[in-house]
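What you see is a predicted model; the values in this text were computed from it and never measured.
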Amino acid sequence: NLDTFEKHHQTSSGICLLWTPGPTPGSCVLYAPQPRNVLFCGRLLIPLNSKSLGIVRHRRTFHWTRQQKSLEKLLKWIPPNSNPALASAITLGALPSEWLMPWESLKI
């Protein structure tokens, strides 16, 4: 079945989705709570260096204001004290086991 959503959605397996336009019109982030506790942030958050993720404005940014609002929405949406590992769709060429970054690596 195809489920559509406008703001956020939770699957029957507990995966949470949040619509986050900005980097691209149809962007969303995916949060897998325990036991994984991982936030896959697609292209909303990109590696700033090998130890942190953040938002970056560049010539291909779909809509900068929406991207900033999406980050604000994400910070309010993620459960308090969950501290998920962060996974970005854009990597710095790291090995797969090194793709996850701690929540504290988020740069605003």
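In terms of hydrophobic clustering, with Ile, Leu, Val, Met, Phe, Trp and Tyr side chains grouped at heavy-atom distances under 4.5 Å, Trp19 and Phe40 are assigned to a common cluster. Linking ILVMFWY side-chain heavy atoms closer than 4.5 Å, directly or via other members, places Leu17 and Val29 in two distinct hydrophobic clusters. Residues Leu30 and Leu74 do not share a hydrophobic cluster, defined by chaining ILVMFWY side chains whose heavy atoms lie under 4.5 Å apart.
Residues passing the side chain to side chain contact (heavy atoms under 4.5 Å, CB included) test with Ile55, sequence neighbours excluded: Leu44, Leu45, Trp64, Gln67, Gln68, Leu71. Under the side-chain hydrogen bond (donor to acceptor under 3.5 Å, both in side chains) criterion, Ser12 pairs with no residue, sequence neighbours left out. With sequence neighbours excluded, the residues satisfying side chain to side chain contact (heavy atoms under 4.5 Å, CB included) with Pro102 are Glu104, Ser105. Taking Glu72 as the reference, nothing meets the side chain to side chain contact (heavy atoms under 4.5 Å, CB included) condition, with sequence neighbours excluded. Every residue two or more places apart in sequence or in another chain that forms a side chain to side chain contact (heavy atoms under 4.5 Å, CB included) with Ser27 is listed here: Thr20, Pro23, Thr24.
Atom CG of Leu53 is separated from atom CD1 of Ile46 by 8.5 Å, given to the nearest 0.5 angstrom.
Contact record, Pro21 with Ser70: O-OG, 2.6 Å, taken as the closest heavy-atom pair. Here the shortest heavy-atom pairing between Leu39 and Trp103 reads CD2-CZ3, 3.7 Å.
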With a 3.5 Å cut-off and sequence neighbours excluded, list the donor-acceptor pairs that the side chains of residues 75-84 form with protein atoms.
unit_1	atom_1	unit_2	atom_2	d
Ser82	OG	Pro79	O	2.8

